[in-house]
Amino acid sequence: MSVTSGGADTRPVRWRAGVARVAAGTALLTAVALLPWLSGTDPALTVLRARSADQDPTPGQLAAIREQLSLDEGPFAHLVHWLGGLPRGEAGTSWVSGEPVLPEVTSAFAVSFTLMLGALVVTIAVAALVCARTLHLGSRRRLRQARAGTGAAVLAALPKFLLASLLATVCGVWLGWFPSSGWEGPQAMVLPALALGIPSGAMIGGLLDQSLPAAFNEPWARTWHAFGFSTGHIARHALRRTLAGVLPQLLPTVVALVGGAVAVEKIFNIPGLGRLALDSAVAQDLPPLQTTTLVLVLLGIAAGLLIQALRHALLGPALRDGALPALHPPALPRQRATLWVAGFCAVALLALVVSGLLRDPLHVDTAARLLPPSTAHPLGTDALGRDLLARLGHGAARTAGVALAVSAASTLIGLLLGMAAQVGAGLTEVAATLPAVLAGLLTTAVTGPSVWGAACAVCLVGWTPYAAQTAALLEQERASGHMLASISFGAGQRYLLRHHLLPAVLPSVLRNALLRLPTAVLVLASLGFLGLGEQPPTPEWGRLLSENQPYVELAPWTVLGPACALVLLSVLAVSGTALGRRGTRRHTPGRGTERRRLPAVRSRPGSSPGRPRAPGK
């Protein structure tokens, strides 16, 4: 891991990142090409059932399909043939429909890209609302208390498919404001963009809101305020300073919606790229699946390069010259309400779990289907007459345990790959746009359907937000003045990692992981709903949401319990993090006792013997 300043030659880094992009894209396309053969199911049988589900397959029909599709040649011959047609503008024909693949993929990409732009607008608007109060108070030097971010945690924990169902029902069917289905005209984009953008905007805004106090605590902000600079001018520069660290989150959060908005596309009947990828993967229709995967890879690489260019433009020459001041959060007291909120969430979750454990989660009573909440059934019953409180309580340990394990593994992988910036950047850009469903199909083909197979699939794509954030924060930390001061004093790799790099990265990455904890639950649920993960009738919070989502309009209480439990879990995690923060500054070389722990100065060729200044002085 390099600790050189931002002014070092970056050409080797760019070459290695480019090689990593090519290697990751090739590995992904090869894995997709192997999917029909890895699954253990005869590809000819799958294609025949996709063409005609009611037709009983015969050996003659299967042999004819194998001959027609040349399945006996193996996956690599198909991959080479498909790659050979791309320079000519040919992506093959669909095994199921027999139609050319490229026009279908182009049309789906246009729809998904338009939807992504709409979701991006909503994301920016929601993020601005979340951090507006901190911008207003910070630019006026009136920040007196640290915010816990519970409001952002509530919005970020909202399941996208549940929010889509509610918007379609209320705003589409009941009120008739916007179309509830189809893709005709700009109005059809409003509801799905809101469903996708509100949770994403809350996540981005929450991360930005926690970074802004450190920017307002910098010496330039105090000086500008004393000299009478306008509050808007100060707020814009503080936003520019912190936005560079949060901007990489747009890649896995928003750009991934092009291929990952499968549930929302299904609810609103949108012919997008994610839906096409899922249908092709389920039917093992290899040509459209390969073309869709290639489009997603190219989109991720292009978006990653664009975001990197924007970051460098925001930070300016200071990043290149190693003169970037470090961000030190101010020692703000915690709000008293944070402790009360954390306590309320803990007590409410504990009460739900304990009361649910006293009931039978598997008892089926067809005469009590979709009953509203009552004394006998405090949260109502589902479509099979099972008690929802019982299923919620019995699924708590499994849901929280698997989600925490997935989040911990994804965070660790993201930290390691984010530190290996020369290779991790290319891998992140490729993996960020990979739909979790496709990763689940690839993993299940090897391990079989199981909860841990689904967990491995989520880990395959879930590390990208943390890797992007780690790489961005480390790049800024390496370009700070106190890093150069430590190196000039003779600090080694281990010292820099322990006292500078990890303290600069871990708090923000851990908070990001806690904000994304409900997302891990929902992705696991979506894989289980497709038969790739936890199988029924096992109670699990995400599965409760997936199973009862069709009954939102008729019986909204069927999803209210698990949705509230997810929100309580998210708010409890974020509030607990806020209570655990000390609110003290991270010491840097040249400040207080930290400097006395520096190793002895070792003379270096070309080094200056002068005493380095503390950051901001």
Side-chain angles (χ1 to χ4, degrees), residues 20 23-25 27-28 30-32 34-35 38 203 248-249 251-253 255-256 259-260 262 274 277-278 281 293 296-297 300 398-420 423-471 505-506 509-535 540-543 566 569-570 573:
L28 180 57
T30 304
V32 169
L34 292 172
L35 179 61
L38 289 175
M203 190 170 299
Q249 295 300 301
L251 178 63
T253 302
V255 178
V262 180
L278 174 61
T293 305
L296 292 175
V297 169
R398 179 179 293 267
T399 300
V402 176
L404 285 173
V406 168
S407 298
S410 300
T411 304
L412 180 60
I413 295 173
L415 280 170
L416 294 177
L417 291 178
M419 290 181 178
V423 179
L427 295 176
T428 303
E429 292 164 2
V430 172
T433 52
L434 178 65
V437 174
L438 180 56
L441 290 171
L442 293 172
T443 305
T444 306
V446 179
T447 64
S450 65
V451 62
W452 294 113
C456 292
V458 178
C459 290
L460 283 178
V461 296
W463 57 267
T464 55
Y466 315 117
Q469 186 179 25
T470 300
V505 170
L506 281 179
V509 173
L510 290 178
R511 179 174 179 82
N512 192 4
L514 292 174
L515 274 174
R516 293 180 182 273
L517 184 61
T519 303
V521 175
L522 297 175
V523 175
L524 289 169
S526 65
L527 295 178
F529 189 67
L530 296 172
L532 306 176
E534 189 73 84
Q535 301 299 303
E540 194 266 336
W541 290 359
R543 171 162 287 280
L566 279 178
L569 179 64
S570 178

Could you tell me the separation between the [atom1] atom of [X] and the [atom2] atom of [Y], rounded to the nearest 0.5 Å?
X      : Y      : atom1 : atom2 : result
Leu404 : Leu569 : CG    : CG    : 7.0 Å
Arg516 : Leu514 : CZ    : CG    : 12.0 Å
Leu412 : Tyr466 : CG    : OH    : 12.0 Å
Ile413 : Trp463 : CD1   : CH2   : 8.5 Å
Leu35  : Thr293 : CG    : OG1   : 9.5 Å

Which atoms form the tightest heavy-atom contact between [X] and [Y], and what is the distance?
X      : Y      : value
Thr428 : Ala467 : OG1-CB, 3.6 Å
Ala431 : Val461 : O-CG1, 4.1 Å
Gly440 : Ala457 : CA-CB, 3.4 Å
Ala455 : Val402 : CB-CG1, 4.4 Å
Cys459 : Ala409 : SG-CB, 3.8 Å
Leu427 : Ala24  : CD2-CB, 3.4 Å

For [Y], is there any backbone N or O sitting under 3.5 Å from a side-chain donor or acceptor partner on [X]?
X      : Y      : result
Thr443 : Cys456 : no
Gln469 : Pro248 : no
Thr411 : Ser407 : yes

Practice task
Determine whether Leu417 and Thr464 make a side-chain contact, defined as any pair of heavy atoms from C-beta on separated by less than 4.5 Å.
Solution key: no
